[in-house]
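Have a look at the structure below before the remarks.
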Amino acid sequence: MKINSGNTFPYATRLSAYNATTTTRDASFASALASAATSTPDVSSVSSGDLRRADFTDMTRQDLREWVNAQIRSGQMTLDESTPFVGMTIALPVNGDFAAAERAMREDRVDFLALTRAGIEGAYWRHDDQAAARLESALQIMQRAQGRTTGIDTRV
């Protein structure tokens, strides 16, 4: 039985050459990352019509879902903070017509600020202090984000 020492493997010499280049590549990546973190993007050439802003008084359920997901992905909202929004993004069919519910979710405009205020009143009427607190938290989040830029429309 013969045991190889490792020197006769076909890619053994390439590994040492790779290790020599990765240290310089890592350093250049770290410097590029540091410079990107300190620089601010140039949006001076973007017209105000191209900016998308959060408007919770006129938004579809799908728009709200996308906004919440973007907030979670960016770390600006935790999963716990997003729980009151889940019920707002769902359109349930009353008569079993799931296609109409899906269409309504994408097309019907909703005033989520008014909807949330009504939900808070309902929670207090039912003496459900926990639901009221969650909805008040969601209302505060929406009020802070109202009118803020959520993205840039890159479609021409």
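Each residue takes its place number in the sequence, starting with 1. These numbers come from a predicted model, not from an experiment.
To the nearest 0.5 Å, atoms CE (Met77) and CH2 (Trp67) are separated by 4.0 Å. In this structure, the separation between CG on Asp80 and OG on Ser82 is 7.5 Å, given to the nearest 0.5 Å. Going from atom CG of Asp108 over to atom OG1 of Thr60 covers 9.0 Å, rounded to the nearest 0.5 Å. Rounded to the nearest 0.5 angstrom, Asp128 CG and Ile120 CD1 are separated by 12.0 Å. To the nearest 0.5 Å, atom CG of residue Leu115 and atom CG of residue Asp111 are 8.0 Å apart.
With hydrogens and angles left out, the side-chain atoms of Asp55 and Thr57 include a donor and acceptor closer than 3.5 Å. For Gln140 and Glu136, the side-chain atoms include no donor-acceptor pair closer than 3.5 Å.
The pair Arg106-Glu102 meets the salt-bridge criterion, with a side-chain N (NZ, NE, NH1 or NH2) lying under 4.0 Å from an Asp/Glu carboxylate O.
Using modelled atom types, one side-chain atom of Ser74 and one backbone atom of Ala70 make a donor-acceptor pair closer than 3.5 Å. Under the 3.5 Å distance criterion, the side-chain polar atoms of Arg126 are matched with a main-chain donor or acceptor of Gly122. At least one donor-acceptor pair closer than 3.5 Å links the side chain of Arg109 to the backbone N or O of Asp58.
Minimum heavy-atom separation, Ala132 to Ala123: N-CB, 3.6 Å. Closest non-hydrogen pair, Ile90 versus Val86, comes out as CG1-O, 3.3 Å. The heavy-atom pair separating Glu81 from Gln76 by the smallest distance is OE1-O, 4.1 Å.
Residues Val68 and Ile72 are in side-chain contact: their nearest non-hydrogen atoms beyond the backbone lie under 4.5 Å apart. At least one side-chain heavy atom of Phe112 sits under 4.5 Å from a side-chain heavy atom of Arg61. Leu64 is listed as a side-chain neighbour of Met88, based on a closest heavy-atom distance under 4.5 Å. A heavy-atom distance below 4.5 Å is found between the side chains of Gln146 and Leu113.
Linking Ile, Leu, Val, Met, Phe, Trp and Tyr residues whenever their side-chain heavy atoms come within less than 4.5 Å leaves Met105 and Phe98 in two separate clusters. Hydrophobic clustering (side-chain heavy atoms under 4.5 Å, transitive across Ile, Leu, Val, Met, Phe, Trp, Tyr) groups Phe85 together with Leu139. The hydrophobic cluster containing Ile141 also contains Leu79, counting ILVMFWY residues as joined when their side-chain heavy atoms lie under 4.5 angstrom apart, directly or transitively.
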- [ ] Show your working on side chain to side chain contact (heavy atoms under 4.5 Å, CB included) between Val110 and Phe56 and close with a plain yes or no.
- [x] CA-CA 8 Å; Val110 178; Phe56 297 101; over 6 Å; no
